[in-house]
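Sequence positions, counted from 1, serve as the residue numbers for this chain. When reading the values below, keep in mind they use all heavy atoms of this one structure, side chains included, and skip hydrogens, waters and symmetry mates.
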Amino acid sequence: MKEIYKIGGKIIEIDSLYKEVHSLCRDYIYCGDIDFSVKISQSDIDFEREKSVAEDKKEGIPVRIFDDSYLETLAVYRKIAEYMIESETLLFHGSVIAVDGIGYLFTAKSGTGKSTHTRLWREYFGERAVMVNDDKPLLQITENGVIAYGTPWDGKHHLSSNIAVPLKAICILGRAEKNHIAEITKSVAYPMLLQQSYRSDSPEKMKKILTLINGIADNVSLYKSGFNMEIESAEMAYNTMKG
């Protein structure tokens, strides 16, 4: 099954074995000359299954069972992420929300409350706030700064928009009884930025990824926070991060 989409500023032909990935990407359908093609084989799907099993065992959790059609969606995004590296674009794990057209990214370990916090932003700002991507946005370094793209891979709540916004800040999110947020240096933020970035099996591409992480960190403001997940935390976060 073949279809053309525009994702992360690139026109991509996806040639899949199953239709699930096309349902996932339906809001990104595009007509134009393609920049590159993604073709999935059964071996790509098998690789995703093996990787998932290995990760579950490493985390000490019961091994999850996924069907081939879902695993194919992961294989497609992996191939897209590999290509995007050479276009100064990095797949990043985090939740991006835009207020008045400016993006703010929250990242943390799974289960910390990224989605809960950005939901508070939507409640506080109403129509001024737009969810860009709640899980795996693409971040592109340009001569004018960092651009955050919505993508179809948007988490269990499926919150995203097919838009691109300038990214102003990244915040490492934590939980706390008393709300607090402070700007941090790149060296403090770097371990989490590395952990939350896509990783390639190619040593050469990993060198490029490290360069991209540095570029992102140099072009946005960096913060660390602890929030109690009350709506006041959204107000504090925005007033601090907007500069």
Could you tell me whether the side chain of E20 reaches within less than 4.5 Å of the side chain of D67, counting heavy atoms only?
-> yes
Nearest heavy-atom contact between P152 and C25 is CG-SG, 3.7 Å
By side-chain contact (heavy atoms from CB on, under 4.5 Å), M1 pairs with (sequence neighbours left out) S16, K19, H22
Would you mind reporting whether K178 and N228 have side-chain heavy atoms less than 4.5 Å apart? no
> Just by distance, with hydrogens left out, do S115 and S95 show a side-chain donor and acceptor under 3.5 Å apart?
Replying inline: no
query = Are any non-hydrogen side-chain atoms of L167 and L105 less than 4.5 angstrom apart?
reply = yes
Sorted by chain and residue number, the side-chain contact (heavy atoms from CB on, under 4.5 Å) partners of D201 (sequence neighbours excluded) come out as F47
Handout entry: Presence of salt bridge, E204 and K207, under 4.0 angstrom
Key = yes
CZ of R78 to CG of L71, rounded to nearest 0.5 Å, is 10.5 Å
Under 4.5 Å between any side-chain heavy atoms of D15 and S37, yes or no? no
Looking only at heavy atoms, the pair that brings D135 and G155 closest together is CB-N, 3.3 Å
Residues joined to I34 in its hydrophobic cluster, side chain to side chain under 4.5 Å directly or through other members, sorted by chain and number, are I4, I11, Y30
S52 side-chain N/O to E48 backbone N/O, donor-acceptor pair under 3.5 Å:
no
Compute the centroid of each ring, for Y238 and then for F125, and state whether the two points are separated by less than 6.0 Å.
-> yes
In this structure, CG of D134 is separated from OG of S160 (nearest 0.5 Å) by 8.5 Å
In short, V165 meets A98 closest at the heavy-atom pair CG1-CB, 4.1 Å
d(Q196 CD, I170 CD1) to nearest 0.5 Å is 10.5 Å
Is it true that the side chains of S187 and T185 contain a donor and an acceptor less than 3.5 Å apart?
yes
(Q) Assess whether a salt bridge exists between D68 and R49, defined as any Lys/Arg side-chain N lying under 4.0 Å from an Asp/Glu carboxylate O. (A) yes
Rounding to 0.5 Å, atoms OH (Y198) and CD1 (I213) come to a distance of 13.0 Å
| request: Decide, yes or no, whether a salt bridge links K224 with E183 under the criterion of side-chain N to carboxylate O below 4.0 Å. | output: no
Regarding E82 and K205, does a basic nitrogen lie under 4.0 Å from an acidic carboxylate oxygen? yes
Original post:
Would you call the rings of H117 and F227 parallel, tilted or perpendicular if under 30° counts as parallel and over 60° as perpendicular?
Top reply: parallel
Rounding to 0.5 Å, atoms CZ (F106) and OG1 (T118) come to a distance of 8.0 Å
side-chain contact (heavy atoms from CB on, under 4.5 Å) with T73: of I14, L24, I40, only one passes, and it is L24
Is it the case that one hydrophobic cluster holds both I216 and I102, taking links as side-chain heavy atoms less than 4.5 Å apart, direct or via other members? no
message = Membership question, hydrophobic clusters at under 4.5 Å side-chain separation (ILVMFWY): are M192 and L222 in the same one?
response = yes
Original post:
Do side-chain atoms of N162 reach the backbone of D27 as a donor and acceptor pair under 3.5 angstrom?
Top reply: yes
Margin query: Assess the residue pair L17 and I45 against the criterion (side-chain contact (heavy atoms from CB on, under 4.5 Å)); give the C-alpha distance rounded to whole Å, side-chain angles, the decisive distance to 0.1 Å, and a yes or no.
Written below: CA-CA 10 Å; L17 300 177; I45 295 171; 3.9 Å; yes
- Query: Do M206 and R199 come close enough that some side-chain heavy atom pair is under 4.5 Å?
  - Reply: yes
(request) Without swapping roles, check the side chain of S161 against the backbone of M131 for a donor-acceptor pair under 3.5 Å. (result) yes
side-chain contact (heavy atoms from CB on, under 4.5 Å) filter on A169, not counting sequence neighbours, yields Y104, S221, Y223, M241
Scanning both residues in full, the closest heavy-atom pair of L212 with E88 reads CD2-OE1, 3.4 Å
(message) Tell me whether K186 at atom NZ has more than 12 heavy atoms from other residues, nucleotides or ligands lying less than 6.0 Å away.
(response) yes
Decide yes or no for I231 and R119: does some side-chain heavy atom of the first lie under 4.5 Å from some side-chain heavy atom of the second? no
Return yes if some donor-acceptor pair links the side-chain N/O of N133 with the main-chain N/O of W153 below 3.5 Å, else return no. yes
Is there a side-chain contact (heavy atoms from CB on, under 4.5 Å) between I147 and Y149 once you walk through the steps? CA-CA 6 Å; I147 302 297; Y149 287 92; 3.8 Å; yes
Quick note, salt bridge (charged side-chain N to carboxylate O under 4.0 Å, His left out) partners involving residues 138-164, not counting sequence neighbours, are none
Flag, side chain of S197 to backbone of L193, donor-acceptor distance under 3.5 Å:
yes
Between M84 and I7 the two heavy atoms that sit nearest each other are CE-O, 3.1 Å
Whether the side chain of Y124 engages the backbone of E232 through a donor-acceptor N/O pair (distance < 3.5 Å, no angle test) should be reported.
no
Apply side-chain hydrogen bond (donor to acceptor under 3.5 Å, both in side chains) to the pair S87 and T89, showing each step before the final yes or no. CA-CA 5 Å; S87 298; T89 304; 5.6 Å; no
Apart from I61 itself, its cluster of hydrophobic side chains linked below 4.5 Å comprises none
Review point. Heavy atoms, side chains only, cut-off 4.5 Å: are E72 and D44 in contact?
Key: no
| L159 with V96, same ILVMFWY side-chain cluster at under 4.5 Å | no
Item to complete: Evaluate the side-chain hydrogen bond (donor to acceptor under 3.5 Å, both in side chains) criterion for residues N179 and S233: first the C-alpha distance (whole Å), next the side-chain angles of each, then the deciding distance (0.1 Å), finally the verdict.
Response: CA-CA 6 Å; N179 291 325; S233 66; 4.7 Å; no
Look at the aromatic rings of Y70 and F66 and report parallel, tilted or perpendicular, splitting at 30° and 60°.
tilted
Between K136 and H93, the two heavy atoms sitting closest are CG-ND1, 4.4 Å
If you draw a 6.0 Å radius around CD in E86, do more than 12 non-hydrogen atoms from other residues or ligands fall strictly inside?
yes
Quick check: does any side chain N or O of T142 sit under 3.5 Å from a backbone N or O of N144, one acting as donor and the other as acceptor? yes
TODO: Measure the shortest side-chain to side-chain distance between K6 and I29 over non-hydrogen atoms and say whether it is less than 4.5 angstrom.
DONE: no
